[in-house]
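Every chain is numbered from 1, with letters handed out A, B, ... down the list of sequences.
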There are 2 protein chains.
Amino acid sequence: MTGMSIRNPKQALYVQFAAVAKALGNPQRLELVEHLAQGPRSVDALATKLGLPIANVSQHLQAMRRAGLVTSDRDGKFINYRLADDSVLAAFAAIRVVAEHHSAEVERVVRGWFDRHDDMEPVTRDELVSRMKEGLVTVIDVRPADEFALGHLPGAINVPLSELDSLLPDLRTDREIVAYCRGPWCVMSFEAVAELRKRGFSARRLEDGLPEWRAAGMVVEPVLQGTQR
Amino acid sequence: MTGMSIRNPKQALYVQFAAVAKALGNPQRLELVEHLAQGPRSVDALATKLGLPIANVSQHLQAMRRAGLVTSDRDGKFINYRLADDSVLAAFAAIRVVAEHHSAEVERVVRGWFDRHDDMEPVTRDELVSRMKEGLVTVIDVRPADEFALGHLPGAINVPLSELDSLLPDLRTDREIVAYCRGPWCVMSFEAVAELRKRGFSARRLEDGLPEWRAAGMVVEPVLQGTQR
DNA sequence: AGCTCATTCAATAGAATTATTGAATGAAGA
DNA sequence: TCTTCATTCAATAATTCTATTGAATGAGCT
């Protein structure tokens, strides 16, 4: 901040734009974005989810606030952070697309971890909507229960990945299962589909996660009226 | 690269996505993106445009190539770099939007430099199209001649900012002037509009630059057939 | 073969980023 | 007022990023 001397407005603008990109240019902070896209969270809750020291998460969040990615407000003795804007999720999505196109590496990672690379094609949003109308699919939300509670697809049932094994007997074997989680590349849905297929189920991933579904203006349950939290 | 140990696929993906954002997280590299959005360029040409040492620009370009932002191919003794994808421009745009929303600083920069903050509202693309049909506007492209030559709006005349003063007498005073340049925040069009107004013209900026116009699928002159360069 | 010249490489120093530690802050509740 | 506890601050070391310099590469040309 002190060593930076800006000579012209053009430079000043690039510095501003670069600051936003820089704030997104860190794996931990991207993971924070993905979690905050599920709903507002306290520093403590985020640190638990990511398995990182609280002070570390606090600093990342402050860096993100400085760049305009998140805002915060106090609730009792907790401070809740949330994404500043839908534009933040859009920027994350745009960056993901660039990485996918340069996908040699991204695809290698996914395929390297989940050997079944046949028919990993995801279900599109439109496709899912029409199949839901026909009642042909079971939609499972593989996120943890607390995230499910903040909002989920209409009619979806919560099958956290950690409890997939124990809940398997409850799933119908005569219908296709569509799994989704936090976002297009959220690995939990990859793992759930791989596991389900190993057990003989017909299963696919939804191309998006809940935040994208919500951002597309689709209905989310439970429908909360009044102030959105 | 060597000190990085990745334990799980989730982490590996965030690292990939973060690498893309990191490559965009530098003012100089963003300026390179904006210039490359006008058309392919050699290292030398870019270094001249930015006023930076060639070796420095070369290193930035290599970093961008590693992140999948640009590609390069040799032409004689020059190596031409170009944007890898439309998605790169889209990502840049998305980042700009985030910065605009957090606009306290961005807007302050623009307003601080150009005191006329009344009616700096830009002309939208649709608005310009309909007014062009009616023949009500003079469209000027304030970029340097070499960029204009690679492609420009139909019917636009090239008035490089550096030559604005000397070309002023050629401009009609009875029609509104719409100026555009490299992108939505390219400062040359701001400066051109400010100067034109000072001289009594009725002038506004186009909301976008040429790359956005092209990306929207609009006609660009000259229309080149065959291999796009 | 030898020369030219655009680009890349290699080495360096200075600056910024990151994770870690422990202490400080400050709001809530007793 | 005192205690609790979520969060922030401050200081540090390790790593990474950045700009700069001069040498090396390697394709085109004579």
How would you list, by chain and number, every residue that makes a side chain to side chain donor-acceptor pair (under 3.5 Å) with B/Q38, sequence neighbours excluded?
B/R143

Those residues at least two apart in sequence (or on a different chain) that pass side chain to side chain donor-acceptor pair (under 3.5 Å) with A/D73 are none

Rounded interatomic separation in angstrom, taking CG from B/L30 and C1' from D/dC17
15 Å

Separation of C/dA6 atom P from B/D75 atom CG, nearest Å, is 13 Å

Under 3.5 Å donor-acceptor, B/N80 side chain and B/P40 backbone:
no

Go through the structure and list residues passing ring-ring contact (aromatic ring centres under 6.0 Å, His included) with B/H152, not counting sequence neighbours.
B/F148

List the atom pairs, donor and acceptor, that lie under 3.5 Å between side-chain atoms in residues 61-72 of chain A and the rest of the protein, sequence neighbours left out.
residue	atom	partner	partner atom	Å
A/Q62	NE2	A/S58	O	3.3
A/Q62	NE2	A/S58	OG	3.0
A/R65	NH1	A/S72	OG	2.6

Counting only side-chain N and O atoms of A/H60, is one of them less than 4.0 Å from OP1 or OP2 of C/dT17?
no

Could you tell me whether the phosphate oxygens of D/dT18, OP1 or OP2, come under 4.0 Å of any side-chain nitrogen or oxygen in B/N26?
yes

So which pairs with a foot in residues 19-41 of chain A pass salt bridge (Lys or Arg N to Asp or Glu O under 4.0 Å), sequence neighbours left out?
A/E31-B/K10, A/R41-A/D146

Nearest-Å distance for atom pair CG/P, residues B/N56 and C/dA15
16 Å

Listing request: all salt bridge (Lys or Arg N to Asp or Glu O under 4.0 Å) pairs with a residue in residues 207-223 of chain A, at least two apart in sequence or in separate chains.
A/R96-A/E212, A/R125-A/D208

Would you mind reading off the distance between A/L24 atom CG and C/dT18 atom P, rounded to a whole angstrom?
12 Å

Using a cut-off of under 3.5 Å, enumerate the N/O to N/O pairs linking the protein to nucleotides 7-12 of chain C.
residue	atom	partner	partner atom	Å
C/dT7	OP1	B/V43	N	3.2
C/dT7	OP1	B/I79	N	3.2
C/dT7	OP1	B/I79	O	3.4
C/dT7	OP2	B/D44	N	2.5
C/dT8	OP1	B/Y81	OH	2.8
C/dT8	OP2	B/S58	OG	2.7
C/dC9	OP2	B/Q62	OE1	2.5
C/dA10	N6	B/Q59	OE1	3.3

Check the distance between D/dC17's P and A/K22's NZ and give it to me in whole angstrom.
11 Å

N/O donor-acceptor pair under 3.5 Å between A/S42 side chain and A/A45 backbone:
yes

Angle separating the five-pair end axes of the helix from C/dA1-D/dT30 to C/dA30-D/dT1, nearest 10°, is 30°

Tell me: CG of A/L50 to P of C/dA19, nearest whole Å?
11 Å

Residue set satisfying side chain to side chain donor-acceptor pair (under 3.5 Å) with A/W185, at least two apart, ordered chain then number -> A/E100

Interatomic distance, A/R66 CZ vs C/dT18 P [rounded to whole Å]
10 Å

